Every structure is written in C-alpha cells, then in structure tokens.
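The structure appears right after this line, and notes come after that.
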Number of protein chains: 4
Amino acid sequence: MHPEPPDQRASRHDARRPLRADARRNRARVLAAADAVFASEGAATTTEAVARAAGVGVGTVFRHFPTKDALLEAVFVARLEVLAEEASALADAEDPGAAFFEFFTRVIEQSANRHTFAAALAATGVDVEHTTAVTVGDDLLDALDHLLMRAQEAGAVREDVSVSEVIALLVGTTRAAEHAGWDPTVQARTLAVVCDGLRPATDATP
Amino acid sequence: MHPEPPDQRASRHDARRPLRADARRNRARVLAAADAVFASEGAATTTEAVARAAGVGVGTVFRHFPTKDALLEAVFVARLEVLAEEASALADAEDPGAAFFEFFTRVIEQSANRHTFAAALAATGVDVEHTTAVTVGDDLLDALDHLLMRAQEAGAVREDVSVSEVIALLVGTTRAAEHAGWDPTVQARTLAVVCDGLRPATDATP
Amino acid sequence: MHPEPPDQRASRHDARRPLRADARRNRARVLAAADAVFASEGAATTTEAVARAAGVGVGTVFRHFPTKDALLEAVFVARLEVLAEEASALADAEDPGAAFFEFFTRVIEQSANRHTFAAALAATGVDVEHTTAVTVGDDLLDALDHLLMRAQEAGAVREDVSVSEVIALLVGTTRAAEHAGWDPTVQARTLAVVCDGLRPATDATP
Amino acid sequence: MHPEPPDQRASRHDARRPLRADARRNRARVLAAADAVFASEGAATTTEAVARAAGVGVGTVFRHFPTKDALLEAVFVARLEVLAEEASALADAEDPGAAFFEFFTRVIEQSANRHTFAAALAATGVDVEHTTAVTVGDDLLDALDHLLMRAQEAGAVREDVSVSEVIALLVGTTRAAEHAGWDPTVQARTLAVVCDGLRPATDATP
DNA sequence: GATGAATGAGACTTCATTCAT
DNA sequence: AATGAATGAAGTCTCATTCAT
C-alpha cells in the first residue's frame with residue numbers, strides 16, 4: 001500500500017553477485033517453462049501456470065522475474081539469443097545465398113517446433129526501453145544484416161530489400177505458417193513463395 | 001472468458017423478431033465502437049471501454065452481444081463481410097491477374113488503415129464452433145478461390161498455390177506490415193516481395 | 001499488466017454527476033463500515049473485512065473508493081468533518097473558555113466512543129497531497145483557531161499556546177486515553193491534567 | 001502475523017545454554033538494527049529490511065527471534081529496559097520534584113531522538129501474554145511509582161494522579177510531539193502544558 | 001551457525017457478467 | 001430497452017517463515 005515508492009523493480013538479489021548454483025538452476029527451469037507455456041498457451045496465461053510447469057512456487061518465479069512483463073521479456077531475449085547465434089554460425093558460409101535462405105527456412109521451421117518463435121522476432125527493435133532485449137536484438141540485426149549483404153553481393157537476393165523487410169517477412173511468414181496450423185504443405189509452399197519473391201527478378205535478357 | 005464450458009448462450013431477445021429501430025441503431029453503434037476500440041487498443045480492452053466509446057452503458061453492450069467473445073466474433077464477422085464483398089466485386093474483372101493482386105494489395109492497405117484487419121483474416125477457418133464466422137468465412141473463401149483460379153488460368157499466378165496458401169500469405173503479409181509499424185516503404189517492399197513470389201517463375205527459355 | 005498507463009486513479013464514475021440513490025446509500029454504508037472496522041481493527045484490516053461489514057462485495061468497495069488508501073482518506077475526511085462541525089457549533093458560545101474546554105473534552109469522549117477519532121485528528125495538516133483531507137482539515141483548523149483565540153481573549157487559556165499545540169495535545173490526550181484502555185477514571189484525570197495545564201498560571205498576586 | 005493461534009514457539013536453540021560469542025554479537029546487531037528500522041519505517045517494514053540493516057541474512061534474524069512479533073517484542077523490551085534504568089538512576093535524587101519532571105522530559109526527548117520510544121511505552125502493561133515485556137514493564141512501573149510518590153510527598157506533583165495517569169500522559173505527550181513532527185517549539189510548549197498541569201493547583205491563599 | 005532461495009497463503013485490484021431501477 | 005451499480009472469481013504481487021546448502 002503505502003510503503004512502495006522505492007519501486008525500482010529490480011530482481012530481489014544483488015544482480016552483480018552470481019546466483020547460487022541452485023538458484024541459477026531454478027532460474028533456468030522457470031525460463032524454460034515460461035517459454036514453453038507462453039508458446040502453447042499465449043502470453044495471457046497466469047504466472048501460476050508457469051510456476052506449475054516449472055515445478056516451483058509462484059514466489060520463486062517472482063523472485064527471479066519481478067514482474068510478469070519482466071518474465072515475458074526474458075523469454076523474448078532468450079529466443080532472440082538463439083536466433084542471433086544461428087545467424088552468426090552461418091556468417092562465413094561458403095555459399096552466401098544458400099546461407100541466407102537456410103537461415104530464413106530454419107527460423108520458420110524452428111517456430112513450427114517451438115510454436116511461436118514469432119513472438120521473439122516480433123520483439124526485435126520494438127520497445128526501446130527494454131534494454132536487454134534491444135541489445136540482444138541488435139546482435140541479431142547485425143548478424144542478419146551481414147547474411148543479407150553477402151547474399152545480395154552474391155546476387156542471390158534482390159537489391160531492394162533491407163533487413164527491415166527481411167525481419168518483417170520473417171515475422172510474417174512465421175505468422176502465415178502459424179495461421180495454417182503449421183500444416184507442412186502450406187508451410188513449405190508459403191515459404192517457397194516468399195523465398196522466390198526475395199530472389200532477383202530474372203531479367204530475361206538473352 | 002475462454003475457459004467457459006461450451007455454454008451455448010443466445011442473445012437475450014428472440015432472434016426471430018426484428019429489433020426495434022433504436023435497438024438496431026444501438027447494436028450498430030456498439031459494433032462500430034468495438035471495431036475501433038479493439039483495433040486501437042487490442043482485444044484485451046474492457047467491455048466498459050467499448051461501451052464508453054459507443055456512448056451506451058455496459059448493459060446495452062451485453063444485451064446485444066451476450067458475451068465479450070461474442071462481441072469479438074461479431075467484429076470479426078463484420079470485417080470478413082467487407083473482405084468478401086471486395087473479393088466479389090472483383091470477381092468478373094477483365095484482367096484476372098490484376099484483380100487478384102489488387103485484392104491482395106487492398107487487404108494489406110485496409111489493414112494498415114483499420115490497423116488490424118489481420119485479426120479478421122486470422123479468424124478465417126479457425127474456431128469451427130463460431131458458426132457465423134465460418135459461414136461468412138466460406139463466402140470469402142469462395143470469392144477468393146474464384147479470384148485465384150482465374151488468375152492462375154490467366155497465367156498471372158503460379159500453379160502450386162491454393163487458397164490456403166493465399167490466405168496464409170495474406171495473414172502473414174499483414175502481420176509483416178504490422179510488425180514494420182505500418183511503415184509505408186517497408187510495407188510496399190514486403191508486399192512486392194510476396195507478390196513477385198506469387199507470380200509464375202519466368203522460365204528463362206530463350 | 002500492460003494496459004495501465006491511463007491510471008489516474010479516479011473513482012469509476014463521472015465524479016460530477018450525483019450518484020444514483022442506491023449508489024449513494026451504498027457508499028455511505030461502506031464508509032460507515034470502514035470507519036467502524038478501521039477503528040476496531042486498525043488500518044491494517046483487509047478490504048474484504050470492510051466489505052463484509054458493509055454487507056457488500058469487495059467490488060463495490062473498490063467502485064466507490066478506487067484504492068484502499070482512498071478509503072482510509074475518506075474515513076479521515078469524514079471524521080474531520082464531524083469535528084469541524086462541532087467546533088463551529090461552539091463558535092459563538094457565550095462563555096468562550098467553557099466552549100474551548102467543552103470542545104476539548106468532547107473530542108476525547110467521542111474518541112472513546114468511536115474508538116479512534118485520534119486517527120482523524122492525526123490527519124490534520126499531514127499529507128499535503130490529499131487535497132480533500134487538507135481542505136476539510138483547514139475548516140477544522142479555522143474553527144479551532146477561533147475557539148482558542150476567544151478563550152485566550154477571555155483569559156481562560158494561557159497565551160503561549162497556538163492551534164498547533166492544541167491539536168498536538170488533542171491527539172496526545174486521545175492517545176493517552178486510548179493507552180489507558182479508555183478507563184474512565186484515568187481518562188478523566190488525564191484530561192484534567194491537560195486542561196489545568198492549559199489554563200493561565202494563577203499568578204499569586206495578593 | 002497476529003491472527004495466529006496461541007502458538008507458543010521457542011527460539012531455535014536451548015535457551016539455557018549461553019550463545020556462542022558470534023551468535024550473541026549477531027543477536028545484538030539484529031536487535032539494534034530492528035530498533036532503528038522499526039523506528040524510522042514503522043513496524044510494517046519487512047523482516048528482510050531489518051536483516052539488510054543488520055548486515056545478516058533473514059535466516060539469522062529468524063534464528064534469534066522465531067517470529068516477527070517476537071522481534072518486535074524484543075525491541076520493546078529493550079526500550080523499556082532503558083527507561084527503567086533511567087528511572088532507577090533518578091530514584092534517590094535530592095530534589096524529588098525535579099527528578100520526576102526530569103524523567104518526564106527526558107522520555108519525550110529521547111522519543112524525539114529514537115523517533116518512536118512511544119511505541120515502547122505503549123507496550124507497558126499491554127499484551128499480558130508477552131511475559132518478558134510484562135516483567136520488564138513492572139520494573140519500570142516500580143521505578144516510576146517511586147519517582148512519583150516522592151515527588152508527591154515533596155508537594156511537587158498533584159495528589160490525584162497515579163502511575164497509570166503518568167504513563168498515559170507520557171504516551172500521550174510523546175504522541176503529541178510526534179504529531180507535531182517533533183517540532184522543538186511545539187514539543188516544548190506541549191510539554192510545558194502537561195507539566196504545569198501535573199503540578200498541584202496553586203491555592204490562591206493570600 | 002549463517003545464508004538466502006523457496007514456499008504459499010493472503011492482500012489488493014480488475015473486469016466480465018448480472019440485475020434492480 | 002437502457003443503464004450503471006453490484007458481484008466475486010481470478011490475477012498479480014508481497015512477505016513471513018522454512019529449509020537445503
């Protein structure tokens with residue numbers, strides 16, 4: 001009630017000192033559970049559901065993530081990290097075009113598995129206040145930019161698209177796949193359409 | 001909201017008897033307000049907000065739409081109807097290819113205006129229980145199918161896509177545009193990519 | 001969660017239009033119940049307890065007082081109003097000295113009955129943000145000032161005390177009486193001591 | 001907190017065996033920290049806050065004081081002890097009247113410093129179940145009784161007040177001073193009023 | 001003994017829905 | 001029919017207390 005002014009909403013512990021082994025383990029469990037639950041039930045599920053899925057009490061969830069929003073953000077960040085790593089891994093691939101489309105395809109497929117990677121992508125560049133998200137998002141953006149540029153230089157991707165459009169298409173295609181109920185056929189065809197659309201127009205000059 | 005058991009509630013009044021003039025007028029006002037409010041504030045807004053926007057009391061909203069979900073569905077249906085009409089209007093266009101892409105483009109643009117037509121499209125074919133939605137959805141599906149078939153016959157759209165993929169792409173592209181914050185440039189380029197991807201491959205036979 | 005920015009914390013209804021008859025009745029019941037419950041169980045009781053005592057649901061309490069703090073403040077204001085009226089009623093009494101001590105005595109006695117008028121007095125002049133409380137508090141202050149001044153002019157109260165001290169002594173004596181478990185004897189003697197202390201020193205000039 | 005049934009829990013360790021040196025040191029630190037924190041933030045602060053102020057973990061606080069209430073009581077007792085000592089020290093003063101008023105004044109002043117000695121006084125004689133508090137309270141009562149009696153015999157204090165009233169006035173005056181925001185002027189005047197009120201009526205015999 | 005992570009009951013508050021006016 | 005007050009289930013978050021390390 002009254003005694004709340006000092007509400008800087010930070011986690012309970014002194015963020016600097018690394019967590020105790022068991023605490024770190026629990027934090028990870030909560031994060032994993034949250035990822036799964038949010039994916040399958042939407043961001044509207046209750047925190048209790050997350051706690052239950054993680055096999056801990058609500059208190060524990062709130063100890064690690066002071067707010068439901070903080071938990072959501074943490075899930076997003078984790079997802080972005082995975083994507084950023086994938087993109088980085090493909091950074092020096094021999095065939096830049098293949099690498100680019102490979103990444104594109106993988107994102108959609110992963111989303112089909114994790115059931116809403118989309119949400120992660122959606123977090124890119126949005127909500128400037130969420131510092132962590134933005135930082136990680138930047139990593140992803142950089143890696144993706146690199147992938148795209150090389151693919152364009154190799155003539156595998158049309159020149160008039162930039163990362164913005166690629167991200168948008170990534171998000172959109174994932175949404176499309178989701179809408180199709182993740183039906184493999186529709187998903188494949190949708191992906192094909194978008195990928196073909198991304199290739200340079202074959203100017204039929206003889 | 002959702003977790004209610006299949007509780008088939010009907011509107012308060014006898015569906016057969018036509019509404020009194022003022023009642024009909026109120027229903028329309030509520031629907032319009034709901035469309036606007038849900039669009040700008042998301043489906044999570046309170047029913048009170050809708051009522052306020054419509055200039056009526058909550059009671060009135062519930063009299064016309066027995067449930068918040070029912071109200072949401074009604075909004076969806078209304079949006080689908082508009083789309084179905086658009087599609088029908090283009091059914092006999094001279095240039096089937098142009099007609100198809102015209103529709104595609106319009107959907108995205110309208111979404112940008114209404115700010116979440118996406119949600120409407122997303123309702124197509126989902127939630128089999130929502131009978132009305134399904135019915136209207138079928139109309140839209142039929143009209144779209146017609147548009148697609150003619151465009152394919154005219155050689156303007158690749159053969160390996162069906163309505164399912166088109167719908168998915170419609171939903172996805174709208175989502176992409178939404179993600180891009182409805183930025184006109186990104187929107188245009190995204191749309192271009194998808195449309196180009198939908199065209200038949202220009203087989204580079206000399 | 002998210003949709004909270006517009007949190008101006010006002011009561012639900014349009015404060016300007018007078019409440020419906022039943023609503024006003026309920027508001028009064030809630031206020032009375034709150035006064036009683038807070039008095040007997042302390043400000044820490046749950047809002048549910050207040051609701052129960054008022055015979056309404058929690059929702060109703062929150063409809064009228066958007067916050068537990070708001071409810072507490074309302075109770076304070078109500079108490080201050082009563083005191084202010086009492087003081088005003090004595091404003092033109094014939095014997096200013098008697099009037100002053102009459103008021104002093106009454107406050108203590110009333111506190112014994114209502115069991116914590118003290119809290120009300122305690123609110124005087126504190127918490128500058130609570131506008132209503134301050135306004136009403138000012139009324140009380142003015143009335144009390146008037147009472148005091150007249151009593152001093154009449155030579156019934158020592159010259160070196162101002163309203164501040166009187167208020168403080170009022171609060172303190174009530175607290176003393178409360179501490180004594182409202183034992184009538186102790187209360188009477190305590191009051192006698194304070195009142196005697198407030199009279200001018202009988203300068204023993206022959 | 002309170003609503004627990006009479007659950008007579010004892011401290012974790014065997015009360016008879018003296019504590020280890022470091023444990024005793026910790027107990028003292030916790031008690032001091034609790035005194036300070038409760039004084040400045042009210043009894044509603046969290047146990048964590050106390051632990052933090054003491055530079056120990058919550059667990060340690062609970063090891064020494066099995067309950068938050070127990071901690072509060074311990075703080076009260078400690079405060080009462082100080083008061084009792086003060087009173088004892090003045091027991092044989094040459095001028096009994098001066099000694100009495102000296103004690104009275106000191107209590108208020110100390111409260112101003114510690115900012116809520118009041119709470120300590122308030123514990124006197126209340127809550128019969130808190131055995132320790134009662135015992136120590138008795139010491140204080142005895143010492144105060146002695147002080148009062150001697151002062152009355154010396155004709156410095158009116159005959160119609162007993163320890164009960166003195167305690168009540170002590171509590172009340174402290175409360176008054178607290179209400180006045182510990183403003184030195186108001187405090188001094190309030191004190192003067194009460195002290196004057198405690199003196200025998202100067203019977204105006206020529 | 002000390003630590004701080006985990007626990008979960010319980011507090012506050014919101015909002016879909018009902019119902020008296 | 002319309003209104004808006006009342007209701008109470010449910011969600012988020014806090015904090016006294018326990019317990020593994």
Side-chain angles (χ1 to χ4, degrees), chain A residues 1 3-4 9 12-14 17 19-27 44-49 51 56-64 66-69 71, chain B residues 1 3-4 9 12-13 19-20 22-23 26 44-49 51 56-64 66-69 71, chain C residues 1 3-4 7 9 12-14 17 19-27 44-49 51 56-64 66-69, chain D residues 1 3-4 9 12-13 19-20 22-23 26 44-49 51 56-64 66-69 71:
Chain A
M1 211 166 77
E4 313 168 61
R9 264 337 163 38
R12 210 87 90 259
H13 66 89
D14 193 322
R17 187 148 25 74
L19 288 170
R20 240 163 55 178
D22 57 344
R24 192 163 49 251
R25 197 162 39 248
N26 259 333
R27 200 194 124 97
T45 4
T46 67
T47 309
E48 297 255 14
V56 302
V58 234
T60 303
V61 176
F62 279 99
R63 161 171 278 269
H64 289 295
T67 282
K68 199 192 174 185
D69 275 6
L71 178 55
Chain B
M1 211 163 97
E4 257 80 286
R9 3 154 127 267
R12 208 87 89 262
H13 69 90
L19 291 167
R20 248 166 50 180
D22 58 341
N26 261 340
T45 6
T46 66
T47 310
E48 290 258 353
V56 302
V58 235
T60 304
V61 175
F62 277 94
R63 164 169 288 271
H64 289 294
T67 280
K68 197 192 177 184
D69 275 6
L71 178 55
Chain C
M1 208 165 82
E4 312 169 64
D7 179 358
R9 264 336 162 43
R12 211 87 89 259
H13 66 90
D14 194 320
R17 188 147 25 72
L19 289 170
R20 240 164 54 180
D22 57 343
R24 192 163 51 251
R25 198 163 38 249
N26 258 334
R27 199 195 126 97
T45 3
T46 68
T47 309
E48 296 254 18
V56 302
V58 236
T60 303
V61 176
F62 279 97
R63 161 170 278 268
H64 290 294
T67 281
K68 196 192 175 185
D69 275 7
Chain D
M1 212 165 97
E4 256 80 285
R9 5 156 124 265
R12 208 86 92 261
H13 68 88
L19 291 168
R20 247 165 52 180
D22 59 341
N26 262 339
T45 5
T46 65
T47 310
E48 290 257 355
V56 302
V58 235
T60 304
V61 175
F62 277 95
R63 164 167 287 273
H64 289 296
T67 280
K68 196 192 178 185
D69 275 6
L71 178 56

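In what follows, every heavy atom counts, from backbone to side chain, and hydrogens, waters and symmetry copies are set aside. Values in this document were obtained by computation on a predicted structure and should not be read as measured data. Naming: A, B, ... by sequence-line order, numbering from 1 per chain.
- Between D:Thr47 and D:Phe62, the closest heavy-atom pair is CG2-CE1, 3.4 Å.
- Ranking F:dA2, E:dA2, F:dG11 by closeness to the A:Thr46 side chain, first place goes to F:dG11.
- Between the CG atom of A:Asp22 and the C1' atom of F:dT21 there is a distance of 7 Å, given to the nearest Å.
- Comparing B:Val61 and A:Thr45 against DNA chain F, the residue whose closest nucleotide sits nearer the 5' end is B:Val61.
- Between E:dA5 and A:Thr60, no contact under 4.0 Å exists linking OP1 or OP2 to a side-chain N or O.
- Here the C1' atom of nucleotide E:dG4 and the CZ atom of D:Phe62 are 13 Å apart, to the nearest Å.
- Rounding to whole angstrom units, CD of residue C:Glu48 and P of F:dA10 are separated by 14 Å.
- For the atom pair NZ of A:Lys68 and OG1 of A:Thr46, the computed distance is 7.0 Å after rounding to the nearest 0.5 Å.
- Each of B:Val58 and A:Val58 was assigned the nucleotide of DNA chain E with the nearest heavy atom; the assignment lying further toward the 5' end belongs to A:Val58.
- Each of F:dA2, F:dC15, F:dC13 was ranked by its minimum atom distance to the side chain of B:Arg63; first place goes to F:dA2.
- OP1 or OP2 of E:dA2 sits under 4.0 Å from a side-chain N or O of D:Asn26.
- In this structure, A:Thr47 reaches the F:dT12 phosphate: one of its side-chain N or O atoms is under 4.0 Å from OP1 or OP2.
- Distance NZ (A:Lys68) to P (F:dT14): 15 Å, rounded to an integer number of Å.
- In this entry F:dT3 has E:dA20 as its Watson-Crick or G-U wobble partner, both defining distances falling under 3.5 Å.
- Between D:Thr45 and D:Ala49 the shortest heavy-atom distance is CG2-CB, 3.9 Å.
- In this structure, B:His64 reaches the F:dA2 phosphate: one of its side-chain N or O atoms is under 4.0 Å from OP1 or OP2.
- Side chain of D:Val56, nearest nucleotide from E:dT3, F:dT17, E:dC12: E:dT3.
- Each of A:Ala44 and C:Gly57 has a nearest nucleotide on DNA chain F; the 5'-most of these lies closest to C:Gly57.
- Rounded to the nearest 0.5 Å, atoms CG (B:Asn26) and NE2 (B:His64) are 5.0 Å apart.
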